Amino acid sequence: LAGVYVPADIYVRYLRMKGEDVLLIGGSDEHGVPITLKAKNEGVTPQDIVDRYHGIIKKSFEDFGISFDIYSRTTNKTHYDTASEFFKTLYEKGEFIEKESDQYYDEEANQFLADRYITGTCPSCGSEGAYGDQCESCGSSLNATDLINPVSMISGSVPVIKKTKHWYLPLDKHEPFLRKWILEDHKEWKANVYGQCKSWIDQGLQPRAVSRDLDWGVPVPVEGADGKVLYVWFDAPIGYISATKELTPEWEKYWKDKDTRMLHFIGKDNIVFHCIVFPSMLKAEGTYNLPENVPANEFLNLEGDKISTSRNWAVWLHEYLEEFKDQQDVLRYTLAANAPETKDNDFTWKDFQARNNNELVAILGNFVNRAIVLTHKYYNGKTPEMGTAVEEFDKNSLAEIDVIVKKVETSLDSFRFREAIKEMMNLARLGNKYLADTEPWKLIKTDEERVKTIMYISLQITANLSVLMEPFLPFSAIKLQTMLNLSGLKWTDLGKTDLLTPGHIINKPELLFAKIEDETIQVQLDKLEATKSANIVAAKTAAPAKENISFDDFTKMDIRIGTILEAEKVAKTKKLLKLTVDTGIDKRTVVSGIAEFFNPDEIIGKQVSILVNLAPRKIRGIESQGMILMGEDANGDLVFIQPSKQVKAGSEVR
RNA sequence: GGCGAGGUAGCUCAGCUGGUUAGAGCGCAUGAUUCAUAAUCAUGAGGUCGGCGGUUCAAGCCCGCCUCUCGCUACCA
C-alpha cells in the first residue's frame with residue numbers, strides 16, 4: 001500500500017480534481033508460479049486459488065478508498081485475448097527469436113519435463129539417480145537428453161524426446177533504444193529507478209524467454225505451441241492494457257494518443273520489468289505509448305522487520321478496515337507521510353498513533369473544529385460578511401493559501417508525496433496561527449465588526465482545506481465538505497476567498513479525527529507479538545522424518561572426525577569457504593557454504609564431522625572432496641557437529 | 001562477489017550544478033493562551049552530515065578505501 005497504491009491514488013485524485021481525463025488501472029496478476037504450487041499443495045485448481053483472493057483484495061482496495069477505475073485480473077477472457085493478440089503481433093512482425101531444442105516429454109502426464117523432473121543414469125560416472133541438469137554423484141553438469149535410461153519423476157514413465165520451441169524477446173536488440181530513451185531522455189527519473197536501469201543496460205541485455213512449457217497461463221497463440229503458455233512477466237503487464245479495454249471501448253485513446261501520459265506506480269522489485277522489459281515489448285509492438293515516468297518506491301517494513309505475508313508479519317488491510325472502522329484516512333495519512341520514497345522505511349503503530357493524535361487530531365481536526373464551533377457560537381452557523389475591518393495581516397494570510405497550494409502542486413507533480421502531504425498540513429497550521437494571532441474570542445467583547453472578518457477568513461481557510469486535503473484524505477474531506485454544506489468543489493477553486501458566501505449556513509461541527517488511545521495501539525502490538533511467538537513455535541517444530549532407510553544404506557556413509565587445517569574464502573562468493581581438512585586418512589580440500597557464519601581464522605584447528613566418501617564435486621572451479629556436516633537451526637544459523645572432546649583425526653562416526 | 005539505492009538532530013525526512021552560523025515536521029524544554037478533541041501559538045535545546053584519507057581558497061555534497069542496511073544478480077552445501 002505505502003509504496004504503490006496510496007501514492008497512485010493521491011496522484012490520480014489530484015488529476016481528477018484538476019479535471020484531467022485520467023484512469024487508474026490495476027489488477028491481480030494471477031499466473032504466478034507460487035499460485036500453481038499453492039494449488040497443488042491444497043489439491044485444488046489454480047483458478048480456485050485466485051478466485052479466493054481476487055475478491056478480497058478488490059474489496060479491500062475499494063473500502064480503503066483506492067479509486068481504481070478498474071481493478072481487474074489476468075484470468076479473464078479479455079486479458080487472454082489481448083495478451084494473445086499482442087503476442088501474435090510481435091510474432092508476425094518477427095520481433096521474437098525462436099529457438100528450438102530437444103526436451104523430454106512425459107506422454108502420460110502430457111507435459112514437457114523441466115530438467116529437475118527427470119532422473120536417470122549419469123553418462124559420465126554411471127551412477128543412477130542423476131538429475132536432468134546435473135549428477136549429484138560426480139557433479140557434472142548434464143543435458144537432460146544425455147541421461148541414460150531417463151525416467152519422468154512425475155509419472156514414472158519413460159519420457160520421449162520432443163522438439164520444443166520457445167520464443168525469446170531480444171532485449172539486446174532494443175538496447176540502443178533503451179539507452180537513449182532512459183539514460184538520455186529520462187534523466188529526471190528517480191535515482192533508484194534510473195540507477196538500476198543504467199546498471200542493467202550497462203551490463204548488457206540478454207534475450208528473455210517469453211514462453212514456458214506449463215499449463216497455467218495464457219496459451220501461446222501460434223501453431224505448434226500446444227502446452228505452452230506466455231511466461232507470466234510477459235502477460236502480466238499486458239494486463240494493464242486488457243483492463244483498460246475491459247473498462248472502456250475508448251481504451252486506445254489512453255494507450256496510443258500522443259498526448260496521453262502513462263505512469264507506472266510500482267515497488268523497487270519491479271523496476272526492471274516496467275522500465276526495460278515492458279517498454280521493449282511496447283516498442284516492438286509499435287503502436288503504444290511508453291511510460292513517461294516510473295516513480296518506483298522502496299519497501300516499507302513493519303516494526304523493524306520485513307513485511308512477509310507468509311510469516312503473517314503484516315497489517316492486513318481487511319482487518320484494519322474492521323478494527324479501525326471509518327479511519328481509512330489515518331492509515332492513508334501515515335503511509336503517505338512515511339512513504340518509502342528514497343529508502344526503505346518503517347511503519348510502527350506508535351508512529352501511527354502519534355501521526356493521528358499529534359497531527360491529524362491536534363492540527364487539522366482541531367483547526368476545523370475551532371473555526372466551525374466559533375461560527376456556530378457567534379453566528380449560529382451562518383457565514384458572516386467579510387466585514388470592513390480587513391487588515392494587511394488578513395490579506396497576507398489569505399494570500400498564503402495560494403502559496404501553499406502551489407507547493408502541493410509542485411510536490412505532487414514530481415511525485416514527492418511526503419512533501420505534498422506536509423504542505424497540505426501547513427494550510428491547517430496557517431489556520432491555527434491565524435486564530436491564535438487574531439484572538440477572536442477576546443475581540444468578540446470589544447470589536448464585533450473585526451471578528452466578522454476574522455471568522456470569514458477562518459472559514460475560507462477551512463473551505464480551502466476541505467478541497468486541498470481531498471486527494472490525501474478523501475473520506476475526511478467529504479465529511480468536512482458536508483459539515484460546511486459544500487460540494488462539487490474542484491482543484492481550480494483553491495485559493496478562492498469566497499467559497500463560503502456570506503449567509504451560507506454550515507452544519508453542526510463533528511470531529512474529523514478521533515484520538516487513538518494507548519490501549520488500541522497495544523492490541524495491535526500484542527497481535528504482532530503473538531505472530532512473532534507463533535512463528536518461533538512454528539520454527540521450532542521439527543521437520544517430519546524422512547523415509548526409512550536400511551542399515552546398509554546407513555553404513556554406506558563414511559563419516560569421520562577431521563581437523564580443519566586451513567580455511568580461506570572462495571573469491572567472488574558470499575557463502576563459500578575453501579577448507580583443507582585432515583581426515584586422518586589424508587588431507588583434502590572441501591568447499592563449504594558456511595562463510596556467512598564463520599571467519600576463516602576462527603575455525604582453523606577445529607574438529608568437525610566430515611562425510612569422506614561423498615563423490616567429489618566441482619564448486620566454483622574447486623573440487624570439493626567431501627562434506628562438512630552442520631547443524632542448522634530455524635534461523636538458518638549453522639553450527640559444526642563436533643566431538644565433545646578432542647579425538648584422533650580419522651575417528652569414525654557411527 | 002558484481003551492480004544499484006541508501007546511511008544527515010531522539011524519530012521520519014529536506015538539502016538544487018561544492019560557497020556565509022546544516023533545515024523541516026513530530027518528540028523534548030520554557031513561556032503565552034483558553035475559542036478548540038489538555039488541542040493551539042511563540043521561543044529554545046539538540047547534529048565531529050556512517051568511518052578514514054584525498055582534491056579544493058572552500059565538501060553533507062567531488063574522488064579513493066572501509067563499514068552497515070535494502071534490492072537486483074551470480075556455477076549460491
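The structure presented is a predicted model; accordingly, all values stated were derived computationally and were not measured.
Side chain of A:K268, nearest nucleotide from B:rG71, B:rA39, B:rC35: B:rG71. Here the side chain of A:K433 is nearest to one of B:rC26, B:rA42, B:rA39, namely B:rA42.
To the nearest 0.5 angstrom, A:L459 atom CG is 12.0 Å from A:M386 atom CE.
When heavy atoms are screened at a 4.0 angstrom cut-off, A:F513 is found touching base atoms of the nucleic acid. Backbone-only engagement by A:K377 is indicated by non-hydrogen atom pairs under 4.0 Å involving sugar-phosphate atoms exclusively. Within 4.0 Å (heavy atoms only), A:E341 reaches no atom of the nucleic acid at all. Residue A:I594 is classed as having no contact, given no heavy-atom separation below 4.0 Å to the nucleic acid.
When rounded to the nearest whole Å, the span between CG of A:L430 and P of B:rA24 equals 18 Å. Rounded to an integer number of Å, the gap from CG of A:N297 to P of B:rC70 is 18 Å. Rounded to a whole Å, the CG atom of A:L183 is 13 Å from the P atom of B:rG4.
Nucleotides B:rG1 and B:rU20 are separated by 39 Å at their P atoms, to the nearest Å. B:rC13 and B:rG60 are spaced 15 Å apart, taking the C1' atom of each and rounding to whole Å. B:rU17 and B:rC61: their C1' atoms are spaced 11 Å apart (whole Å). Taking atom C1' on both B:rU34 and B:rU40, the two are 9 Å apart, rounded to the nearest angstrom. Atom name P, nucleotides B:rG53 and B:rC16: the rounded distance is 25 Å, in whole Å.
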Heavy-atom protein contacts under 4.0 Å, nucleotides 5-13 of chain B, coded B base, S sugar-phosphate only, - none: SSSS---SS

Taking distance alone, no hydrogens or angles, what donor-acceptor pairs closer than 3.5 Å link side-chain atoms of residues 405-413 of chain A to residues at least two apart or in another chain?
from   : atom 1 : to     : atom 2 : distance (Å)
A:E409 : OE2    : A:W491 : NE1    : 2.6
A:T410 : OG1    : A:K406 : O      : 2.8
A:S411 : OG     : A:K407 : O      : 3.0
A:S411 : OG     : A:E419 : OE2    : 2.7
A:D413 : OD1    : A:Y14  : OH     : 3.1

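Other residues, nucleotides and ligands contribute at most 12 non-hydrogen atoms within 6.0 Å of the CD atom of A:E448. Open room surrounds CD on A:Q206; 12 or fewer heavy atoms of other groups in view lie less than 6.0 Å from it. Residue A:K190 qualifies as enclosed at atom NZ: its count of foreign heavy atoms under 6.0 Å is above 12.
Summary of the strand contacts: A:A514 and A:N301 both lie near RNA chain B, and taking for each the nucleotide with the nearest heavy atom, the more 5' one is attributed to A:A514. Sequence order on RNA chain B of the closest nucleotides to A:R370 and A:S199 puts A:S199 first from the 5' end.
Near RNA chain B, defined here as any heavy-atom distance below 4.0 Å, the residues from residues 436-445 of chain A are A:A436, A:W441, A:K442, listed numerically.
Nucleotide B:rU48 has no partner under the Watson-Crick or G-U criteria, as no pair reaches both atom distances under 3.5 Å.
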